[in-house]
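Source: prediction; values computed, not measured. Residue numbers start at 1 and run along the sequence shown.
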Amino acid sequence: DLSGFYFGANVGANSTSDKNSYDDHDLIPISGNGNAHNSRTSVGGFAGYNYVVQRVVLGAEIVVDHFFKRPESAVFNTHFMQKMWGAKTDYGFLLRAGLRFNACTFAYLGAGLKRQEYNYNIIDVENGTVTNVVASVSKKKLVPQIELDIEGMFNKNIGWRTAYSYLLRK
């Protein structure tokens with residue numbers, strides 16, 4: 001029976017694509033659009049609790065991910081640039097429900113929240129040269145997350161997991 005508490009470590013890769021726009025005339029008269037793609041590696045840990053009834057597995061999990069590279073993107077127009085970068089560590093909580101295919105293989109669907117932090121610099125740019133940092137803003141928010149996992153057990157105490165997570169960010 002795999003009901004009970006568990007913990008583990010993970011390594012992985014993360015790929016993000018962002019389409020950004022900025023239009024905040026209260027902070028500074030700037031508006032613009034930009035795109036960015038970031039790839040980075042991560043390490044992390046998780047701890048949770050599973051409850052198994054026949055083939056159905058229900059659980060809750062806390063996750064910490066540490067990234068070796070900060071995600072970055074920029075939005076700009078001819079006079080100003082907004083540079084954004086994210087935190088190196090994210091935290092999350094996930095509720096999971098799944099099915100057991102056999103004695104040691106499971107598939108899960110999870111939903112939860114992930115804490116993310118973003119920092120913005122609004123930079124005055126003249127002819128491609130930074131002339132002044134006009135404002136700096138830091139934002140922390142909880143972002144909805146959906147995750148699909150496939151897990152298996154090598155033996156009673158050691159398992160493996162592959163997961164796909166999608167963050168519903170604006």
Side-chain angles (χ1 to χ4, degrees), residues 1-22 24 34-75 82-121 136-170:
D1 185 18
L2 295 174
S3 291
F5 290 100
Y6 63 91
F7 63 93
N10 59 282
V11 295
N14 177 289
S15 178
T16 60
S17 290
D18 292 318
K19 292 183 180 178
N20 298 309
S21 63
Y22 184 83
D24 188 350
N35 295 317
H37 182 79
N38 291 285
S39 296
R40 53 194 180 146
T41 56
S42 66
V43 297
F46 53 89
Y49 183 83
N50 276 342
Y51 181 70
V52 181
V53 179
Q54 295 178 0
R55 292 186 57 213
V56 177
V57 183
L58 302 173
E61 187 171 275
I62 296 171
V63 179
V64 177
D65 290 316
H66 179 78
F67 302 97
F68 293 106
K69 176 182 164 187
R70 294 179 188 269
E72 295 184 4
S73 66
V75 174
Q82 170 205 353
K83 185 173 181 181
M84 178 184 84
W85 65 97
K88 289 185 86 172
T89 304
D90 291 339
Y91 309 92
F93 176 78
L94 201 62
L95 296 175
R96 303 173 356 132
L99 290 175
R100 186 164 86 178
F101 292 113
N102 56 41
C104 64
T105 307
F106 304 84
Y108 293 98
L109 181 62
L113 295 172
K114 199 155 200 182
R115 179 204 155 277
Q116 293 197 311
E117 177 180 350
Y118 289 95
N119 301 289
Y120 303 86
N121 276 344
S136 293
V137 179
S138 180
K139 293 184 178 183
K140 296 177 184 176
K141 62 182 179 176
L142 291 174
V143 179
Q145 174 184 359
I146 298 170
E147 185 169 296
L148 177 63
D149 296 352
I150 298 174
E151 298 183 17
M153 299 299 295
F154 293 118
N155 59 40
K156 185 177 178 182
N157 297 313
I158 299 175
W160 57 269
R161 172 190 289 188
T162 184
Y164 174 80
S165 294
Y166 183 79
L167 300 179
L168 304 167
R169 297 188 305 190
K170 286 186 176 183

Legend entry - Interatomic spacing from CG in N50 to CD in E151 - rounded to 0.5 Å: 7.0 Å
Inset, instruction - Kindly indicate whether a cation-pi arrangement holds for R96 with F106, taking the cut-offs as under 6.0 Å to the six-membered ring centre and within 45° of the axis. - result: no
Legend entry - Shortest non-hydrogen contact from F46 toward R161: CE1-NH2, 3.8 Å
Inset, instruction - Could you tell me the separation between the CZ atom of F93 and the CG atom of L142, rounded to the nearest 0.5 Å? - result: 12.0 Å
Inset, instruction - Give a yes or no on this: more than 12 heavy atoms of other residues, nucleotides or ligands lie within 6.0 Å of atom CG of L113. - result: yes
Legend entry - pair L94-Y108: side-chain heavy atoms closer than 4.5 Å: no
Inset, instruction - Please report the shortest heavy-atom distance between N155 and I158, naming the atom on each side. - result: OD1-N, 2.9 Å
Legend entry - Residue pair D90, V63: steps toward the side-chain contact (heavy atoms from CB on, under 4.5 Å) verdict: CA-CA 8 Å; D90 291 339; V63 179; over 6 Å; no
Legend entry - Any I146 side-chain heavy atom under 4.5 Å of L168 side chain: yes
Inset, instruction - Tell me, yes or no, whether the heavy-atom count around I62 atom CD1, taken from other residues, nucleotides or ligands under 6.0 Å, exceeds 12. - result: no
Inset, instruction - Output yes when a side-chain donor or acceptor of S3 lies under 3.5 Å from a complementary backbone atom of V52, and no otherwise. - result: yes
Legend entry - Stepwise side-chain hydrogen bond (donor to acceptor under 3.5 Å, both in side chains) check, E61 with Y6: CA-CA 9 Å; E61 187 171 275; Y6 63 91; 2.6 Å; yes
Legend entry - OG1-CZ distance between T89 and R115, expressed to the nearest 0.5 angstrom: 8.5 Å
Legend entry - Side chain proximity check, L99 to V56, heavy atoms < 4.5 angstrom: yes
Legend entry - Sub-4.5 Å side-chain heavy-atom contact between Y166 and Y164: yes
Legend entry - More than 12 heavy atoms from other groups under 6.0 Å of OH on Y51: no
Inset, instruction - Working to the nearest 0.5 Å, report the span between OG1 of T162 and CG of L148. - result: 9.0 Å
